[in-house]
Amino acid sequence: MTSAPTHAKGLEGVIAGETEICKVEQSALIYRGYEIADLAANASFEEVAHLLLVGHKPSADELKHFQAELVAERKLPEPVLNFLKTSGDLVNHHSAVPMDILRTAVSILGHLDQDCQDNSPEANLKKSKRLLAKIPTIIGHMQNSIDRRDFVEPDANLSHSANLLYMMTGEQPSEEAVKVMDVSLVLYAEHDYNASTFTSRVIAGTLSDLHGAVTGAIAALKGPLHGGANEAAMDMLAEIRNDIGHENDDAKIDAWMQTAFANKRKLMGFGHRVYKNDDHRAPILHALGRKAAEARGPEFVKLFELGETVQNIMETQKNIFPNVDFPCGMTYFTMGIPVPQYTPIFVASRITGWCAHIMEQHANNRLIRPRVAYTGPDLRNWND
Ligand code: SDX
């Protein structure tokens, strides 16, 4: 061992590897050298996906070819379609949630991908593009099944973000909605060694396959301490509205927050293991979402005003700041997206970061196997 072992619960502060893909610092969030505000303002999600997966900013021709590859891969094979036809029943009448359905659908896609057991860079890149293209179709068909309606087929004339929105409802999305969705996917795409990405690297580090690593990452992202927080943040705001009514009475909101503090309740969408003040992504999405709310109507503006009051209390009284999931919850609610699809949409974006890390791990692998401090009983004999 070259350096002294570091013992930190939750690996807090431990440098667990190296990556060329992303840098998450209090000062900046960078994808392969490009700062997140620059990307959010100037790059489409398809361009960012190319940057993360292929490794560089695409030329106009490369982007056109990449987009055509994704459009060609949007359709799902029969066994996945058959499973998704049952997904509405599994969600409406059993215990499945959309993140579980998505996890299973990705697993079935692995069984049907002729490159599944091939971890070569070429095969991994092909599989990454197939998953990137197919996950919006899985989300769309799953929502169609939950809504008890026929499947909406992918529209080859729509961009990645527009098609994702279209497939859930069958309605052509507005330009504004597509823009907000596209920026949210750029913001969600990658975030270095977060729990789900680290999960994918641990699985890839055993030389297991990309679909298996993505399946594990989806399970990790589902948790409310991680990606599931965007749904939990909206559920929390709905709970506050349910408790105090829809008139944003500051005194009632503050009283609700004091009760939450007294109960040591974790408020969803706030705090971060790395960012100890603002998450660089949160203000970008908040501004876009608030604009969408102003266009949608007063009820939605009131939701953002409630969120801003909650945020202000957290910042001034607890010095805890919102992460990207807090504005995401309010924004996707304003866009009419069903709450249980918020984290699956996070997957539709983070599949790019996960696959970039899985490819990086396979290309320069070392099994990830940390040590642990034993705190169990001292040595003893079985027959004593
Ligand atoms: C994502 O890692 C990534 O990069 C993730 C992500 C990505 O892009 O991949 O950024 C996406 O997962 C964002 C995080 C989404 N999760 C949530 O919003 C869930 C709520 N947040 C907390 O559970 C918490 O902030 C974590 C889990 C996100 C981070 O927690 P840490 O680093 O383990 O910090 P902690 O829980 O030890 O908190 C330190 C203190 C504690 O107070 P004490 O017990 O020491 O008195 O701050 C308090 C916590 O109670 N605190 C909170 C809080 N977050 C921290 N108190 C109330 N509400 C919160 N949200």
Side-chain angles (χ1 to χ4, degrees), residues 8-17 19 21-26 28-31 36 39-40 48 52 99 183-201 214 216-237 239-240 256-286 307 310-330 342-357:
K9 201 159 171 11
L11 297 184
E12 183 154 11
V14 172
I15 304 287
T19 182
I21 303 166
C22 177
K23 184 175 168 186
V24 175
E25 301 280 353
Q26 200 54 68
L29 167 56
I30 291 169
Y31 297 175
I36 194 65
L39 292 170
V48 167
L52 291 171
M99 278 295 275
V183 173
S184 77
L185 298 184
V186 168
L187 296 174
Y188 265 141
E190 161 58 13
H191 218 235
D192 90 16
Y193 268 25
N194 61 84
S196 54
T197 300
F198 190 66
T199 301
S200 73
R201 290 196 77 135
V214 169
I218 294 174
L221 190 76
K222 170 188 175 183
L225 293 189
H226 188 15
N230 57 13
E231 296 177 23
M234 190 54 228
D235 290 342
M236 178 185 74
L237 290 172
E239 183 187 334
I240 296 174
W256 193 95
M257 294 292 283
Q258 297 318 312
T259 307
F261 293 154
N263 296 332
K264 283 234 171 268
R265 181 169 169 174
K266 282 271 194 286
L267 297 173
M268 295 293 128
F270 287 92
H272 198 276
R273 175 60 62 81
V274 176
Y275 298 133
K276 291 309 168 193
N277 50 50
D278 232 350
D279 176 331
H280 307 290
R281 303 163 293 181
I284 297 171
L285 192 50
H286 189 107
V310 167
Q311 181 174 327
N312 184 42
I313 293 170
M314 283 296 277
E315 289 178 355
T316 53
Q317 296 184 23
K318 292 289 178 182
N319 197 32
I320 296 175
F321 293 79
N323 56 58
V324 63
D325 291 322
F326 191 63
C328 176
M330 297 185 283
Y342 293 3
T343 316
I345 291 172
F346 194 153
V347 174
S349 167
R350 188 55 60 89
I351 185 68
T352 55
W354 291 336
C355 288
H357 279 273

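Reckoned from all heavy atoms, side chains included, excluding hydrogens, waters and symmetry mates. First listed ligand is number 1; within each ligand, the first listed atom is number 1. Each residue takes its place number in the sequence, starting with 1.
Closest to atom 4 (O) of ligand 1, if we only count protein heavy atoms, is H191 ND1, 2.6 Å. Closest to atom 6 (C) of ligand 1, if we only count protein heavy atoms, is H272 NE2, 3.7 Å. Among protein heavy atoms, atom 2 (O) of ligand 1 sits closest to N194 CB, 3.5 Å. From the protein, the heavy atom lying nearest to atom 9 (O) of ligand 1 is R350 NH1, 2.8 Å. At the top of the distance list for atom 50 (O) of ligand 1, counting protein heavy atoms only, stands K266 NZ, 3.3 Å. For atom 51 (N) of ligand 1, the closest non-hydrogen atom of the protein is I320 CD1, 3.6 Å.
Not counting sequence neighbours, the partners of P327 by the side-chain contact (heavy atoms from CB on, under 4.5 Å) test are A282, L285, H286. Scored by the side-chain contact (heavy atoms from CB on, under 4.5 Å) test, E25 finds K23, S27 as partners (sequence neighbours excluded).
Within the 4.0 Å cut-off (strictly below), a protein heavy atom is located near atom 12 (O) of ligand 1. For atom 30 (O) of ligand 1, the nearest protein heavy atom lies 4.0 Å away or farther. For atom 16 (N) of ligand 1, the nearest protein heavy atom lies under 4.0 Å away. Protein heavy atoms are absent from the space less than 4.0 angstrom from atom 39 (C) of ligand 1. Protein heavy atoms are found less than 4.0 angstrom from atom 56 (N) of ligand 1. Contact annotation for atom 35 (P) of ligand 1: protein absent (non-hydrogen atoms, distance under 4.0 Å). Protein heavy atoms are absent from the space less than 4.0 angstrom from atom 45 (O) of ligand 1.
Here K276 has side-chain heavy atoms under 4.0 Å from ligand 1, and that is the only part of it that gets that close.
Close N/O approach between H226 and ligand 1 is found [any backbone or side-chain N/O within under 3.5 Å]. When only interatomic distances are considered, the shortest N/O to N/O separation between F270 and ligand 1 falls below 3.5 Å. In terms of polar-atom proximity, R273 is counted as a contact of ligand 1, with an N or O under 3.5 Å from an N or O of the ligand.
With hydrogens and angles disregarded, no donor-acceptor distance shorter than 3.5 Å links the side chain of K264 to the backbone of A260. R281 contributes no side-chain N or O that, together with a main-chain N or O of Y188, makes up a donor-acceptor pair within less than 3.5 Å. Without hydrogens or angle criteria, N263 side chain to R265 main chain gives no donor-acceptor distance under 3.5 Å. No side-chain donor-acceptor contact under 3.5 Å links T197 to the backbone of Y193. For S196 (side chain) and A217 (main-chain N/O), no donor-acceptor pair under 3.5 Å exists by modelled atom type.
The CG atom of D192 sits 7.0 Å away from the CG atom of N194 when rounded to the nearest 0.5 Å. Here the straight-line distance linking atom CG of N323 with atom CE of M268 works out to 9.5 Å at 0.5 Å rounding. Separating the CG atom in L225 from the CZ atom in R273 is a distance of 9.5 Å, to the nearest 0.5 Å. For the atom pair CD (Q317) and CD (Q258), the distance works out to 4.5 Å, reported to the nearest 0.5 Å. Atom CE of M234 sits about 8.5 Å away from atom CE of M330, to the nearest 0.5 Å. In this structure, H280 NE2 and H272 NE2 are separated by 9.5 Å, a value rounded to the nearest 0.5 Å.
The residue from P322, A282, G271, G269 that puts a heavy atom closest to atom 25 (O) of ligand 1 is G271. When the heavy atoms of T197, L267, L225 are ranked by distance to atom 60 (N) of ligand 1, first place goes to L267. Evaluated by nearest non-hydrogen atom to atom 14 (C) of ligand 1, the leading choice among L221, N323, L29 is N323.
The contact set between ligand 1 and D325, taken as ligand atoms under 4.0 Å from a residue heavy atom, comprises 1 (C), 13 (C), 15 (C). Short contacts between ligand 1 and A229, defined as distances under 4.0 Å to a heavy atom of the residue, involve ligand atoms 15 (C), 16 (N), 17 (C), 18 (O). Ligand 1 places these atoms under 4.0 Å from at least one heavy atom of R265: 57 (C), 58 (N).
Within the structure, ligand 1 lacks K9 among the residues with a heavy atom less than 4.0 angstrom away. Ligand 1 is never approached by E190 to a heavy-atom distance shorter than 4.0 Å. Between P224 and ligand 1 there is a heavy-atom distance shorter than 4.0 Å. Residue contacts with ligand 1 leave out K318, since none of its heavy atoms falls under 4.0 Å from the ligand.
Classification of the H226-F346 ring pair by plane angle, with boundaries at 30° and 60°, yields perpendicular.
F326 places a side-chain heavy atom less than 4.5 Å from the side chain of L237.
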Checking N230 against T343 for the side chain to side chain donor-acceptor pair (under 3.5 Å) test, could you report, in this order, the C-alpha distance in whole Å, the side-chain angles of both residues, the deciding distance, and whether it holds? CA-CA 7 Å; N230 57 13; T343 316; 2.9 Å; yes

